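Scroll down for the structure; my scribbles are underneath it.
None of these values were measured; they are calculated from a predicted model.
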Amino acid sequence: MRNPEDNVILVKSKNFAIRSINLYKYLKDNKQEFVISKQVLRSGTSIGANVKEAVRGQSRPDFLAKMNIALKEASETEYWLELLHETEYISDSDFQSIYTDCQELLRILMSITKHDK
């Protein structure tokens, strides 16, 4: 089996999950924001969980189903990040950093799911 560290989507989605957890902790502790931050935590960590499941999928259709769920979760996360930014819970620089990572995940996941249809 290939080294998991060689799988770009696995690495990037896990790193994004860690960023989502850290953003949640920051928003909860420093901004006293408990609703949208929980949504970001849930959807932001779900991306990597579904990618991990996809890699261990039982079949090609199972793989694609999990990758499509990861894509939907990334899209949802993008929405929550936009809301946090537009309501000034996160700064422009913090937003741009994590939003860029989210959009990169979206591009990779769209490429995977579109390519394999």
Side-chain angles (χ1 to χ4, degrees):
M1 178 166 171
R2 288 179 34 193
N3 183 351
E5 293 173 2
D6 293 337
N7 188 322
V8 172
I9 190 64
L10 268 176
V11 171
K12 287 186 180 290
S13 61
K14 185 175 184 180
N15 289 340
F16 189 81
I18 292 166
R19 290 196 73 185
S20 298
I21 293 166
N22 289 330
L23 177 60
Y24 167 75
K25 290 190 301 187
Y26 166 78
L27 290 168
K28 180 178 64 80
D29 295 343
N30 296 65
K31 299 289 188 168
Q32 301 298 299
E33 200 298 312
F34 302 101
V35 178
I36 299 172
S37 59
K38 193 72 144 204
Q39 295 289 89
V40 169
L41 175 67
R42 187 199 57 74
S43 63
T45 57
S46 181
I47 300 164
N50 279 289
V51 167
K52 183 78 170 181
E53 278 189 68
V55 169
R56 300 273 190 215
Q58 297 173 347
S59 64
R60 198 74 181 151
D62 187 33
F63 170 82
L64 288 174
K66 293 297 181 189
M67 284 297 190
N68 274 298
I69 293 169
L71 175 60
K72 289 178 184 180
E73 294 293 339
S75 183
E76 180 182 339
T77 304
E78 179 184 44
Y79 175 76
W80 296 126
L81 292 172
E82 290 168 354
L83 284 182
L84 286 167
H85 181 247
E86 291 171 25
T87 55
E88 300 178 357
Y89 276 104
I90 55 176
S91 69
D92 290 343
S93 60
D94 289 339
F95 169 73
Q96 284 304 322
S97 176
I98 195 165
Y99 192 74
T100 299
D101 287 352
C102 186
Q103 289 184 317
E104 182 180 19
L105 284 174
L106 281 165
R107 282 191 298 276
I108 294 168
L109 290 164
M110 283 189 278
S111 176
I112 291 168
T113 57
K114 185 177 187 180
H115 178 71
D116 287 330
K117 284 188 176 180

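Side-chain contact between Glu76 and Gln39 is present, with heavy atoms from C-beta onward closer than 4.5 Å. Side-chain contact check for Glu104 versus Ile108: some heavy-atom pair is nearer than 4.5 Å. Side-chain contact between Leu81 and Phe95 is present, with heavy atoms from C-beta onward closer than 4.5 Å.
Separation of atoms CD (Glu73) and NZ (Lys66) is listed at 10.5 Å; rounding is to 0.5 Å. Note that CG of Leu109 is 12.5 Å distant from NZ of Lys72, once rounded to the nearest 0.5 Å. Within the model, atoms CD1 of Ile90 and CD1 of Ile36 stand 10.0 Å from one another, a figure rounded to the nearest 0.5 Å. Distance OG1/Thr113 to CD1/Ile69: 12.0 Å, rounded to 0.5 Å. The distance from the CD atom of Glu53 to the CE atom of Met67 is 11.0 Å, given to the nearest 0.5 Å. Of the inter-residue distances, the one linking Lys114 atom NZ with Arg107 atom CZ reads 14.0 Å to the nearest 0.5 angstrom.
Asp94 and Ser97 form no side-chain donor-acceptor contact under 3.5 Å, judged by distance and modelled atom types alone. Between Tyr99 and Glu82, the side chains place a donor N or O and an acceptor N or O closer than 3.5 Å (distance only, hydrogens not considered). Side-chain contact annotation: Arg42 with Ser20, donor-acceptor N/O pair under 3.5 Å absent.
At least one donor-acceptor pair under 3.5 Å links the side chain of Ser37 to the backbone N or O of Glu33. Ser75 contributes no side-chain N or O that, together with a main-chain N or O of Leu71, makes up a donor-acceptor pair within less than 3.5 Å.
Shortest non-hydrogen contact noted between Thr77 and Gly44 is OG1-N, 3.3 Å. Closest approach of Val51 and Ala70 over heavy atoms only: CG2-CB, 3.9 Å. Residue Leu105 comes nearest to Ser13 through the heavy atom pair CD2-N, 3.8 Å, listed as atom of the first residue, atom of the second, then distance. When all heavy atoms of Thr87 and Leu83 are compared, the closest pair comes out as OG1-O, 2.7 Å. Closest of all the heavy-atom pairs between Trp80 and Ser43 is CD1-OG, 3.7 Å.
One hydrophobic cluster holds both Ile98 and Ile47 under the rule that ILVMFWY side chains link at heavy-atom gaps under 4.5 Å. Following chains of ILVMFWY side-chain contacts shorter than 4.5 Å, one can reach Ile112 starting from Val8, so the two form part of one hydrophobic cluster.
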With a 3.5 Å cut-off and sequence neighbours excluded, list the donor-acceptor pairs that the side chains of residues 22-30 form with protein atoms.
| from | atom 1 | to | atom 2 | distance (Å) |
| --- | --- | --- | --- | --- |
| Asn22 | ND2 | Ile18 | O | 3.4 |

ask   = Please walk me through it: do Val40 and Tyr79 pass side-chain contact (heavy atoms from CB on, under 4.5 Å)?
value = CA-CA 9 Å; Val40 169; Tyr79 175 76; over 6 Å; no
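Atom CD of Gln32 has more than 12 heavy atoms from other residues, nucleotides or ligands within 6.0 Å.
A salt bridge does not link Asp101 with Lys12: none of the charged nitrogens is closer than 4.0 Å to a carboxylate oxygen.
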